[in-house]
Protein chains: 2
Amino acid sequence: MNRGISGANLPALRHHNAALVLDLLRAATRHGTGGISRLELAERTGLTPQAVSKITARLRAEGLAEESGRQASTGGKPRTELRLVRRARYAAGVHLDRDELTVVLADLSGERMRARTSRLDFGRPAGEVLEAVAREVRALDAGPAILGVGVAAPGPLDHASGVLHRVTGFPDWDGFPLRDALERRLGLRVVVDKDTNAAALAVLGQDAGDGSFAYLHLGTGLGAGLVLDGAVFRGERTGAGEFGHQVVQLDGPVCGCGNRGCIEAMCLAAVDRGDSAGAAYLLGVGAANLVSLLDIDRVVLGGRTVLADETLFRQEVAAVLTERTARSAGRTVPVSVAPGGTRVVADGAALLVLASVFGGAALG
Amino acid sequence: MNRGISGANLPALRHHNAALVLDLLRAATRHGTGGISRLELAERTGLTPQAVSKITARLRAEGLAEESGRQASTGGKPRTELRLVRRARYAAGVHLDRDELTVVLADLSGERMRARTSRLDFGRPAGEVLEAVAREVRALDAGPAILGVGVAAPGPLDHASGVLHRVTGFPDWDGFPLRDALERRLGLRVVVDKDTNAAALAVLGQDAGDGSFAYLHLGTGLGAGLVLDGAVFRGERTGAGEFGHQVVQLDGPVCGCGNRGCIEAMCLAAVDRGDSAGAAYLLGVGAANLVSLLDIDRVVLGGRTVLADETLFRQEVAAVLTERTARSAGRTVPVSVAPGGTRVVADGAALLVLASVFGGAALG
DNA sequence: CCACTTTCGCAACAGTGTTGCCAAAGAGCA
DNA sequence: TGCTCTTTGGCAACACTGTTGCGAAAGTGG
């Protein structure tokens, strides 16, 4: 039950509560509902109204929040609405893919403001790739209000240290300290994570939910980003979400990993022979396994293959899930396609940086 | 990134830190190493030595902790060792199984002091079963220092509300408010959880680890208890850990749940035909899926079927795991059998109550 | 016996959220 | 228009947290 070094002091408490309030402000700001009142913040956080007043006063003094209007009166003084000052800070998001480089600039609410996409050969020497990333980030011209750079790359890698491991097909990157190298080159804080985790974070950022979901990404490979109890679950070595090598057919075809019947191998085989429905069916079975094992609330799909035929994948996966989980779990699990198209991963990468403002490692 | 009502105030901060210290004291007390010094507590929690002094002073004033000796000097005043006062509080643990009732009394460190086992027909009317449980708990004669009663039952059920759902084979219990009914009858605080979660908690309590593991229980059914980042993961509806209906053979035999190739159906079929090695192999495949999906550190086995042939199951599961994960994850995943034999679940049930002292819902 | 090291508590302190109180701002009604 | 009622939200005093500075206690080693 011990959680390591997690003793909390007053600054930690302050950061925790401020992050909580900021996150609610972000959700309200982003949905364009005008804002959220102090009393509603108090209800949602469990803090007293006076505590919320103090916290929001500090945030306003720092220029992170502002009053944005008033709600209709309910018989007395109307509630004042608060919102984030979107342009107060920025974050850059980098999606480092095998053949493409996408860089976005997000404002404090996480909304994308600018985006740049260029071709990139991940197989080139590290210095060259790094230079391309640095050039694109600088081209965003974000100024001094930039908090840092989030980088999403194909796994496996280590989120804590920012070091890449044997990226499939690109052995040269094994052990490359991407975070430190990029931090030195840009002079900015850098956070590295798996592409699927970044995408999951982007989906999570859409509606500051409290529950759990799985983001399933079907593109050149098959992977997952898991959000459990409202936070991205990475595991000790950032290995969580290795969905592709779940075995669903003991005597199935041999996979590159050496085992038989991995869902990735079978799914990609179906895609290769043009059988999208078959791929979607397999995805549904894997999703049903996840739903039953982790009791998650919903499933979100993404990746090039899915985006090529959104409706088919969404409907087929939903059908399989309904058939398999309604019987046992007695509930319907919603299936959706991640909004934001091919840029979800880069959007989520930017959120990796904002997460340190909106929560993250607040109290452990 | 929002976690619902989780605003923290000073009492919450105090509880959080006190729970952290108590948990470290418990681990030190239980391992019989004599205790843990204030400075070590400070290092492990990240709190300042003076904060630890204040906290332990409060705990000693409450009678929960005491000085137990001194360590060897390293050139100056020797460190004073602290430990839990084991007899300061007690917790009862109840394992409500389909045909058996086990009740244990645990001291503050979680160690079992007394145990009672009796036959019980779970199919009898609820009132009758409840009376049997109440009688056995009262027979523990724990006195007024008892904190409460933890009850572990076969799922599905809801941990938050303490209500049972359609227990397989015993439809009468569907919707029965076990927690409230038992609280009224005993006048004690009651916590209800799935048997597999209780067992996982017992394993977790053995060494206050920080990592993640899966407890796999093979008995009349096949289920799992998941410990992620040092805490039992239950999911929103206490549905997490439904390991038995993971599909590992798309075209496999039909399972009672309606799907084909569920690991539980295939595993139990192997057990039924006396093929323990086959069952262990299947368990290993399922475990490998878990390890790869959740990046967990180790696998712990339990349940009557496993206990009937510990060595075989441990070795076979370990072999399958090594073969399948060493290639991809590049690490060896230790496999062990849960200590405590058939009473793990009851031991863990007692820990459900102690968890409210040692942490649990401290800051969220 | 004395210098040195290390542990650990006392006292003063900075800063958190909380409580009690009151001014501000609108609705509703005479 | 004027008055009352309701509700919001800030000010000030407060209780309590962990932190810092300092000194007493309790060992080791020469």
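Every value quoted in this text rests on a predicted model; they were computed, and no experiment measured them.
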Next item on the list: Could you tell me whether the phosphate oxygens of dA26(D), OP1 or OP2, come under 4.0 Å of any side-chain nitrogen or oxygen in Arg70(B)?
Entry: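 No.
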inquiry  = Counting only side-chain nitrogens and oxygens, does Asn9(A) get under 4.0 Å of the OP1 or OP2 atom of dT19(D)?
reply    =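 For Asn9(A), the contact criterion (side-chain N or O under 4.0 Å from OP1 or OP2 of dT19(D)) is met.
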To the nearest Å, give me how far apart [atom1] ([X]) and [atom2] ([N]) are.
{"X": "Gln71(B)", "N": "dA26(D)", "atom1": "CD", "atom2": "P", "value": "17 Å"}
{"X": "Lys54(A)", "N": "dG10(D)", "atom1": "NZ", "atom2": "P", "value": "12 Å"}
{"X": "His15(B)", "N": "dC16(D)", "atom1": "NE2", "atom2": "P", "value": "18 Å"}
{"X": "Glu81(A)", "N": "dG9(D)", "atom1": "CD", "atom2": "P", "value": "10 Å"}
{"X": "Leu47(A)", "N": "dT18(C)", "atom1": "CG", "atom2": "P", "value": "6 Å"}
{"X": "Gln50(B)", "N": "dA24(D)", "atom1": "CD", "atom2": "C1'", "value": "14 Å"}
{"X": "Arg79(B)", "N": "dC8(C)", "atom1": "CZ", "atom2": "P", "value": "8 Å"}

Walking DNA chain C from its 5' end, the first of Pro78(A) and Ile55(A) to be reached, judged by nearest nucleotide, is Ile55(A)
Closest-nucleotide mapping onto DNA chain C: is Gly76(A) or Arg60(B) further toward the 5' terminus? I mean the 5' end.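 On the 5' side of the pair lies Arg60(B).
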Give a yes or no on whether the backbone of Arg237(A) and the side-chain of Asp295(B) come within a donor-acceptor separation of less than 3.5 Å. yes
Which one, [options], comes nearest to the side chain of [X]?
{"X": "Arg38(B)", "options": "dG9(C), dT18(C), dG9(D)", "answer": "dG9(C)"}
{"X": "Arg58(B)", "options": "dG18(D), dT6(C), dG26(C)", "answer": "dG18(D)"}
{"X": "Leu13(B)", "options": "dG9(C), dT17(D), dG27(D)", "answer": "dT17(D)"}
{"X": "Thr48(B)", "options": "dT28(D), dT17(D), dT19(D)", "answer": "dT19(D)"}
{"X": "Ser53(B)", "options": "dG9(C), dG17(C), dT7(C)", "answer": "dG9(C)"}
{"X": "Leu10(A)", "options": "dA25(C), dG9(C), dG18(D)", "answer": "dG18(D)"}

Quiz item: Do we see a donor-acceptor contact under 3.5 Å between the side chains of Asp297(B) and Ser212(B)?
Solution: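 On atom types as modelled, these side chains do not qualify, holding no pair under 3.5 Å.
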Discussion item. Any carboxylate oxygen within less than 4.0 angstrom of a Lys/Arg side-chain nitrogen, looking at Arg60(A) and Glu66(A)?
Written reply: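 Looking at Glu66(A) together with Arg60(A), the answer is no, because their closest N to O distance does not fall below 4.0 Å.
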Taking any heavy-atom pair under 4.0 Å as a contact, classify Thr80(A): base, sugar-phosphate, or nothing.
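The answer is sugar-phosphate, as Thr80(A) gets under 4.0 Å only of primed atoms, P, OP1 or OP2.
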Review point. Does a sphere of radius 6.0 Å around CZ in Arg87(A) hold more than 12 heavy atoms from other residues, nucleotides or ligands, not counting ones at 6.0 Å or beyond?
Key: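 12 or below, so no.
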- [ ] Please assess Val163(B) against Leu157(B) for the test side chain to side chain contact (heavy atoms under 4.5 Å, CB included), listing each intermediate value before the final yes or no.
- [x] CA-CA 6 Å; Val163(B) 172; Leu157(B) 54 81; over 6 Å; no
- prompt: Side-chain donor or acceptor of Lys77(B) under 3.5 Å from a matching atom on the base of dT28(D)?
  reply: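 A donor-acceptor contact between them is absent.
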